[in-house]
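Notes to accompany the following structure.
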Amino acid sequence: MKLKKTIATLTAATMVMASAMTVCAADFPNLKGSNTEVLVAGDTNLTSVAGDYSSRIVRGAAVLTPYEDVKAALGLNADQRPSIVVYDAEDKSSPEAFASLNTAVEELGGETVGALYIELGGKENGKWITTSDGTVTVKAGLPKTADKSKSYSIVRVEEDGVTTVLEDLDNSDKTVTFEAVSGVATYGIVAK
């Protein structure tokens with residue numbers, strides 16, 4: 001049991017450090033404002049949270065939770081605004097997170113078709129604010145190569161090593177909708 005706890009702690013620390021280094025290196029090339037229309041799997045959606053939506057694996061992403069509800073969920077005050085970073089997660093950037101992801105996917109009897117790195121928090125005066133609570137609903141377009149005859153879920157690996165299986169919250173064969181938590185996490189898109 002102690003070994004599992006140690007592995008989870010090391011996983012979390014490595015995932016956070018790898019993610020932080022990747023974020024610092026990013027140019028934020030795909031910035032969207034709050035309450036902006038975006039395409040998700042070819043359909044127009046309104047994303048309530050400003051941020052960088054640079055994932056190339058999924059066909060667009062949007063935060064569906066209304067703006068004021070996001071602020072309340074994250075515990076942000078009037079001078080703070082919610083912010084999100086969504087980009088492709090890679091094994092080489094977060095090997096421990098992917099080890100946890102792969103273990104969970106194997107137990108599910110599924111196959112990972114892509115993975116996202118999502119960092120959810122806030123900004124005040126241009127500076128990032130890490131929040132400790134809160135969730136938002138995110139909708140992402142499945143990869144073009146996704147088999148539409150399969151069902152999809154999400155495996156979330158949080159920065160503290162907690163791994164959770166999330167069922168798809170929508171009925172579309174083009175998208176997957178799930179709850180993203182504040183902070184840093186890796187989200188594997190799993191086909192079964």
Side-chain angles (χ1 to χ4, degrees), residues 4 6-32 38-41 47 49-63 83-121 128 130 135-148 150-166 168 174-192:
K4 281 186 178 182
T6 303
I7 290 172
T9 302
L10 290 172
T11 297
T14 303
M15 186 168 88
V16 170
M17 290 307 297
S19 299
M21 290 187 298
T22 306
V23 170
C24 291
D27 296 334
F28 300 108
N30 207 358
L31 292 175
K32 303 289 181 197
V38 295
L39 287 178
V40 179
T47 188
V49 176
D52 181 19
Y53 294 83
S54 290
S55 173
R56 287 172 271 144
I57 289 175
V58 296
R59 294 179 300 138
V63 176
S83 190
I84 194 166
V85 176
V86 181
Y87 63 88
D88 301 335
E90 298 176 353
D91 186 13
K92 64 183 177 184
S93 298
S94 301
E96 288 81 5
F98 270 81
S100 295
L101 172 64
N102 293 337
T103 298
V105 171
E106 187 177 306
E107 288 176 9
L108 286 172
E111 171 190 3
T112 305
V113 297
L116 299 173
Y117 162 86
I118 298 178
E119 184 169 1
L120 175 65
W128 187 263
T130 301
T135 62
V136 298
T137 302
V138 174
K139 182 179 193 178
L142 291 172
K144 288 181 181 179
T145 58
D147 182 345
K148 292 184 179 184
K150 294 188 176 188
S151 63
Y152 289 86
S153 59
I154 296 288
V155 171
R156 177 177 64 213
V157 181
E158 296 176 50
E159 60 188 319
D160 60 1
V162 173
T163 303
T164 308
V165 177
L166 306 168
D168 186 0
K174 301 187 306 182
T175 62
V176 61
T177 302
F178 57 95
E179 294 295 314
V181 295
S182 64
V184 176
T186 299
Y187 297 79
I189 303 170
V190 180
K192 286 196 323 182

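- From I154, atom CD1 reaches atom CD of E179 across 11.5 Å, with rounding to the nearest 0.5 Å.
- Between the CD1 atom in I189 and the CG atom in L101 there is a gap of 10.5 Å [rounded to 0.5 Å].
- The CZ atom of F178 sits 9.0 Å away from the CZ atom of R156 when rounded to the nearest 0.5 Å.
- Under the side chain to side chain contact (heavy atoms under 4.5 Å, CB included) test applied with V155, the options T164, L108, T186 reduce to a single match, L108.
- When every heavy atom of A41 is checked against every heavy atom of G141, the shortest pair comes out as CB-CA, 3.9 Å.
- Scanning all heavy atoms of the two residues, the minimum distance from V105 to E111 falls at CG1-N, 3.8 Å.
- Nearest heavy-atom pair, A185 versus V181, reported as atom, atom and distance to 0.1 Å: CB-CG2, 4.4 Å.
- For the side chain to side chain contact (heavy atoms under 4.5 Å, CB included) test, residues two or more places apart in sequence or in another chain that qualify with A50 are S34.
- With Y53 as reference, V63 is the one residue of V63, V58, V38 to meet the side chain to side chain contact (heavy atoms under 4.5 Å, CB included) rule.
- In this structure, F98 CZ and E90 CD are separated by 7.5 Å, a value rounded to the nearest 0.5 Å.
- Side-chain atoms of Y117 and V184, non-hydrogen and from C-beta on, do get closer than 4.5 Å to each other.
- Distance check: E119 CD to I84 CD1 gives 9.5 Å after rounding to the nearest 0.5 Å.
- Around atom CD of E106, no more than 12 heavy atoms belonging to other residues, nucleotides or ligands sit under 6.0 Å away.
- Contact check for S55 versus D88: side-chain heavy atoms found under the 4.5 Å cut-off.
- Contact detail for L116 and A140: the closest heavy-atom pair is CD1-CB, 4.5 Å.
- The salt bridge (charged side-chain N to carboxylate O under 4.0 Å, His left out) test applied to K192 returns no partner, not counting sequence neighbours.
- A pairwise comparison of heavy atoms in V40 and G60 identifies CG1-O, 3.8 Å as the closest pair.
- Shortest non-hydrogen contact noted between A115 and I57 is O-CD1, 3.8 Å.
- The OH atom of Y152 lies 5.5 Å from the CG atom of L142; values are rounded to the nearest 0.5 Å.
- At a threshold of 4.5 Å between non-hydrogen side-chain atoms, the residues V138 and Y187 do not count as touching.
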